[in-house]
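Note that the coordinates shown come from a computational prediction; the quantities given were computed from them, not determined experimentally. Below, each value reflects all heavy atoms present in this structure, side chains not excepted, and no hydrogens, waters or symmetry copies.
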Amino acid sequence: MSAPLDDQTRSIILATVPALKAHGLAITTEMYKRLLETPAIRDLFNLSHQQDGEQPKALALAVLCYAEHINDLGALGGMVERIAEKHVGLNILPEHYPYVATALLGAIGHVLGDAATPEILDAWGKAYWFLADILIGREKQIYEGNESTPGGWTGWRAFRVRSRRRETSTITSFELVPADGGTIFRHKAGQYLSFKLDVPEHGSQRRNYSISSAPGEDHYRISVRRQDGGIASTWLHDSVKEGDILQVANPAGDFFLNETDRNPLVFLTAGVGLTPVMSMLGELAQAHTDRSIRYVHGADTQALAAFVTQIEDFAKIDVLKADFFYSQESSPTNESVSGITTHAGRISPDWLRQTLDRSATYYICGPDSFMRDMVDTLRDEKLPATQIRYEFFGSAADPDLVLSAA
């Protein structure tokens, strides 16, 4: 393990914060350019996030956050855990870290030029390896825990598509079972699976998809939204059929139900952000919980809202009450199911304030702009941070979400 950072190193890192604010994105863009020149490293990344610039933005924010908190690294525990879980899902190993160090320090020198003094590069080298050793240690714990748990594994495991189901015109679900016929790891409701996909004409692709099935079943279900121009989602929708084999990593992620929390629950979701929450609701229904549960979901139209029937079934047996918002319908049809309310328009901050339950824990998942609106509203209402949980889809490049969650 690296030695603790000394006062001089931490002082130099803090002094680089203004440069990171001004040039952080240029540094991380250059870093990825260098890093992706190595094929073995390039294959570890979701390259779509390079093309849209989301991954460099997310890393620039993470680096800035690290520098700003260099004297209070305990505040970054949540961010470190999220990174470690992502790394485990992608099978990042200790031997990959030196490539990142070389690319990062080279990028700092390239972008800052003469301002990147030997002292600055030395300080950032120490700071990088200090954090890298923390991540390597935590990832080792997760890998070993996965391997020692019944049904768990490390690396990639072959899963067969047992069935596929069209949920809406844009969302398709895939049920996956181990190709070896073995058991599967009991995931925590809300976690995701990482995939190594071999897409014709596009090569190896890495993607994460939330598990939408409840824990304890004999399969994992993922529910994938077709994205315009999306390489992996288009291939899954158009080409992957029952019987096909996919390479899957052990479930990962830190967005799951707090087992010690007995508060009422409010789930705020939009679009495909409902997928991890469907797993949570399935687990709660299995447990016959007596907790108050409110499910709130936003979609463009009723036809584009997935799992409505399952939510209605939960409402009929008093598992939950639900609100559906349809942004492109002025007068959505009310099916008159007890406990279900439909609304025209979007889930707004004003509506959230009017219905706020200060005793509840809120779980939020959806597009970044939606999560920012919901999280900012709850924070403005002084809801404790422990009662606000949210999941990042993609690279988490929104500073209001990344830095406040750290």
Do [X] and [Y] come close enough that some side-chain heavy atom pair is under 4.5 Å?
X	Y	result
Leu284	Leu265	yes
Glu381	Arg358	yes
Leu236	Tyr209	yes
Phe307	Leu281	no
Gln387	Ser359	no
Arg157	Gln247	no
Tyr220	Tyr192	no
Ile108	His23	no

Side chains of [X] and [Y]: is there a donor and an acceptor less than 3.5 Å apart?
X	Y	answer
Thr170	His237	no
Asp323	His297	no
Ser212	Arg221	yes
Ser204	Asp198	no
Thr260	Asn258	yes
Glu167	Ser173	yes

Check whether any side-chain N or O of [X] sits under 3.5 Å from a backbone N or O of [Y] as a donor-acceptor pair, and report yes or no.
X	Y	answer
Tyr363	Gly190	no
Gln191	Lys188	yes
Ser148	Gly145	yes
Thr16	Ile13	yes
Thr9	Leu5	no
Arg42	Leu36	yes
Arg164	Val240	yes
Asn250	Gly152	no
Ser194	Gly89	yes
His110	Gly106	no

Give the ring-plane orientation class for [X] versus [Y], where under 30° counts as parallel, over 60° as perpendicular and anything between as tilted.
X	Y	result
Phe325	Trp351	perpendicular
Tyr97	Tyr128	tilted
Phe324	Tyr295	perpendicular

Note to self: Taking the ring centre of each residue, are Trp153 and Phe159 less than 6.0 Å apart?
What the structure shows: yes
Checklist line | Ring center gap for Phe195 and Trp156 short of 6.0 angstrom | finding: no
Margin query: Go through it in stages, so that I can follow the logic: the residues are Asp122 and Lys126, the test is salt bridge (Lys or Arg N to Asp or Glu O under 4.0 Å), and I'd like the CA-CA distance, side-chain angles, deciding distance and then a yes or no.
Written below: CA-CA 6 Å; Asp122 179 66; Lys126 291 177 180 177; 3.4 Å; yes
Check: What closest approach, in Å, do Ile12 and Ala123 show between heavy atoms, and which atom pair accounts for it?
Finding: CG2-CB, 3.6 Å
Check: Going by an N to O cut-off under 4.0 Å, is there a salt bridge joining Glu37 and Lys33?
Finding: no
Check: side chain to side chain donor-acceptor pair (under 3.5 Å) between His219 and Ser163: does it pass, once the steps are laid out?
Finding: CA-CA 10 Å; His219 66 278; Ser163 67; over 6 Å; no
Next item on the list: Please test Arg226 against Asp238 for salt bridge (Lys or Arg N to Asp or Glu O under 4.0 Å), starting from the C-alpha separation and ending with a verdict.
Entry: CA-CA 10 Å; Arg226 180 195 290 270; Asp238 293 347; 2.5 Å; yes
Next item on the list: Test salt bridge (Lys or Arg N to Asp or Glu O under 4.0 Å) on Arg162 and Asp218 and set out the steps.
Entry: CA-CA 11 Å; Arg162 184 169 72 181; Asp218 68 344; 3.0 Å; yes
Note to self: Show, in sequence, the C-alpha distance, side-chain angles and deciding distance for Tyr390 and Phe255, and conclude whether the ring pair (Phe, Tyr, Trp, His ring centres under 6.0 Å) test is met.
What the structure shows: CA-CA 7 Å; Tyr390 51 95; Phe255 180 68; 8.3 Å; no
Next item on the list: Start with the C-alpha gap between Arg353 and Asp350, add the side-chain angles, then the distance that decides, and say whether salt bridge (Lys or Arg N to Asp or Glu O under 4.0 Å) holds.
Entry: CA-CA 5 Å; Arg353 279 189 286 268; Asp350 283 343; 2.6 Å; yes
